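No experiment lies behind these values; they were computed from the predicted model shown.
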2 protein chains.
Amino acid sequence: MTASETWLEQLHDNGYRITAARRAVVHTVFGATHALTPQEVYDAARKIYRALGLVTVYRTLEKLEELHLIQRVHQPVGCQAFIAAGVGHQHLLLCQGCGQVEFFEGDDLDALTRSIARKTGYQINEHWLQLFGLCMNCRS
Amino acid sequence: MTASETWLEQLHDNGYRITAARRAVVHTVFGATHALTPQEVYDAARKIYRALGLVTVYRTLEKLEELHLIQRVHQPVGCQAFIAAGVGHQHLLLCQGCGQVEFFEGDDLDALTRSIARKTGYQINEHWLQLFGLCMNCRS
DNA sequence: TTCCTTACTGAAAATCATTTTCAAATAGTA
DNA sequence: TACTATTTGAAAATGATTTTCAGTAAGGAA
Ligand SMILES: [Mn+2]
Ligand SMILES: [Mn+2]
Ligand SMILES: [Zn+2]
Ligand SMILES: [Zn+2]
C-alpha cells in the first residue's frame with residue numbers, strides 16, 4: 001500500500017467512493033513537494049487519468065480539505081494552492097525561489113501571545129506563522 | 001490637514017493626480033478599523049462621492065498597495081481585503097467575532113528562525129505572523 | 001487665470017476562476 | 001449480477017476582476 005492510499009481509505013471511511021478520478025487527484029497532491037493550484041493538479045493528474053475533469057479536481061480538493069488531509073497555502077502570489085497537511089502543530093517554510101514547501105515545528109509563541117493578550121484585552125485563540133526563504137538549492 | 005491627506009500627498013509625490021474618486025477611497029480605507037474588500041470600499045466611499053466607479057476602487061487600491069500605504073489581509077474567509085499598513089515591523093491581530101484589526105509588535109522570532117535555518121538549510125528572509133482571537137467586546 | 005497635455009474616469013465588454021446544472025456512468029453493496 | 005445513490009465531465013451560469021474606450025478633468029506651463 002502506497003502512502004497515498006491512506007487518503008483513499010479516509011475518503012472511503014467517510015462514505016465517499018473511490019474512483020479513478022479521485023485516485024489521480026489524491027496521488028498527485030499527496031506526492032507534491034510544493035503547493036498546487038487546482039489547475040496544476042488538473043494538469044498533473046491528467047497524465048495519470050486522461051478523462052479527468054477540472055470540476056472533479058475542485059470537488060475532490062474540497063473533500064480532502066474537509067477531512068484535513070490537505071491545507072490551503074497562502075502566498076504573496078496567491079492563496080489558491082494546496083499541500084498535504086502537516087501533522088500536529090506545524091507551520092510552513094516556503095522557498096521563494098522554487099516554491100518548495102517544508103514543515104517545521106517547535107515555535108513557542110506563548111510568551112508573545114500572553115503579552116499581546118494583556119496589552120490588547122484580546123482572548124487569543126490561534127496563530128498563523130509562515131517562514132519564507134531560499135532552500136539549499138536556490139541559495140547558490 | 002486630516003491624517004489621510006498624507007496618503008494623498010504621497011500619491012501626488014509619486015506622480016499620481018488627486019481626484020474626487022481617489023479622495024473618497026483614501027478617506028474610506030484610511031479610517032477603517034477592519035479590513036475592507038474592494039466592494040466594501042466601494043459601498044462606503046460612494047456615500048462620500050456618489051459617482052465613484054468600482055473600477056476606480058480597484059485601481060486606487062492597487063496604487064495604495066504599490067506605495068505600501070495599505071496591505072492585504074489574509075483570513076480564513078478570504079484574502080481580498082485591505083487595511084492601512086502598519087509602520088515598521090508589525091503584525092496583525094484579528095478579531096474572529098467582529099473583524100476588528102489591531103497591530104502589535106515585539107515578536108522575536110530570531111531564535112526560532114536560526115534554529116529552523118540550521119535544521120533545514122534554508123536562508124530565511126521573511127515571516128508572516130498573524131494572531132486570531134476575540135476582542136474585548138466580542139468576548140462577552 | 002487660461003490653455004494644453006496627459007492621466008484619470010466610469011460604463012460596458014471581456015476575461016478568468018469557480019460553481020451549478022444535468023444526464024450519463026459507475027462504485028459498492030445486496 | 002442487479003440495484004441505487006453517488007460521482008462524473010461537459011456545458012452553462014455565476015461572480016469577481018481586468019480591459020477597452022471615449023469623454024472628463026487635474027495640474028503644470030504660459
Ligand atoms: Mn505555532
Ligand atoms: Mn515579526
Ligand atoms: Zn528553492
Ligand atoms: Zn470583535
**Study point:** Aromatic plane relationship, A:F132 with B:W128 - under 30° parallel, 30 to 60° tilted, over 60° perpendicular
**Key:**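 Judged by the thresholds at 30° and 60°, the geometry between B:W128 and A:F132 is perpendicular.
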Do [X] and [Y] have side chains that approach each other closer than 4.5 Å (heavy atoms only, starting at C-beta)?
X      : Y      : result
A:Q71  : A:F82  : no
B:T37  : B:V41  : no
A:L109 : B:L109 : yes
B:Y122 : A:M136 : no
A:L61  : A:I70  : yes

Practice item. Under the side chain to side chain contact (heavy atoms under 4.5 Å, CB included) rule, collect the residues that match up with B:V73, sequence neighbours excluded. Key: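 So B:V73 forms a side chain to side chain contact (heavy atoms under 4.5 Å, CB included) with B:A35, B:Q75, B:I83, B:L92, B:L94, B:Q130.
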Check your understanding: Do any of residues 42-53 of chain A sit with a heavy atom less than 4.0 Å from DNA chain D, and if so which?
Key ->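 The answer is A:Y49, A:A51, A:L52, A:G53.
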Review point. To the nearest 0.5 Å, how far apart are CG in B:L112 and CG in A:L131?
Key: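 B:L112 CG to A:L131 CG: 6.0 Å, rounded to 0.5 Å.
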For the pair made of [atom1] in [X] and [atom2] in [N], what is the distance, rounded to whole Å?
X     : N      : atom1 : atom2 : value
A:L11 : C:dG28 : CG    : C1'   : 15 Å
B:L8  : C:dC8  : CG    : C1'   : 15 Å
B:K63 : D:dT18 : NZ    : C1'   : 13 Å
B:L61 : C:dT9  : CG    : P     : 12 Å
A:N14 : C:dG28 : CG    : C1'   : 16 Å

Please list, pair by pair, any protein nitrogen or oxygen found under 3.5 Å from a nitrogen or oxygen in nucleotides 22-27 of chain D.
from   : atom 1 : to    : atom 2 : distance (Å)
D:dA26 : O3'    : B:I18 : O      : 3.4
D:dA26 : N3     : B:R17 : NH1    : 2.9
D:dG27 : OP1    : B:I18 : N      : 2.6

**Study point:** A:N137 atom CG: more than 12 heavy-atom contacts under 6.0 Å
**Key:**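 No - once you tally the heavy atoms of other residues, nucleotides and ligands closer than 6.0 Å, there are 12 at most.
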**Study point:** Partners passing ring-ring contact (aromatic ring centres under 6.0 Å, His included) against B:F104 (at least two apart in sequence or in another chain)
**Key:**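 Applying ring-ring contact (aromatic ring centres under 6.0 Å, His included) to B:F104 gives B:H91.
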Practice item. Any pair with a residue in residues 6-51 of chain A that passes ring-ring contact (aromatic ring centres under 6.0 Å, His included), sequence neighbours left out, goes on the list, sorted by first then second residue, please. Key: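 Counting only pairs at least two positions apart or across chains, the ring-ring contact (aromatic ring centres under 6.0 Å, His included) contacts touching residues 6-51 of chain A are A:W7-A:F30.
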Point to revise | Most 5' of A:L54 and A:R59 on DNA chain C, judged by nearest nucleotide | key: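 So the residue in question is A:L54.
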Between the protein and nucleotides 11-16 of chain D, list the N/O to N/O atom pairs that are separated by less than 3.5 angstrom.
none

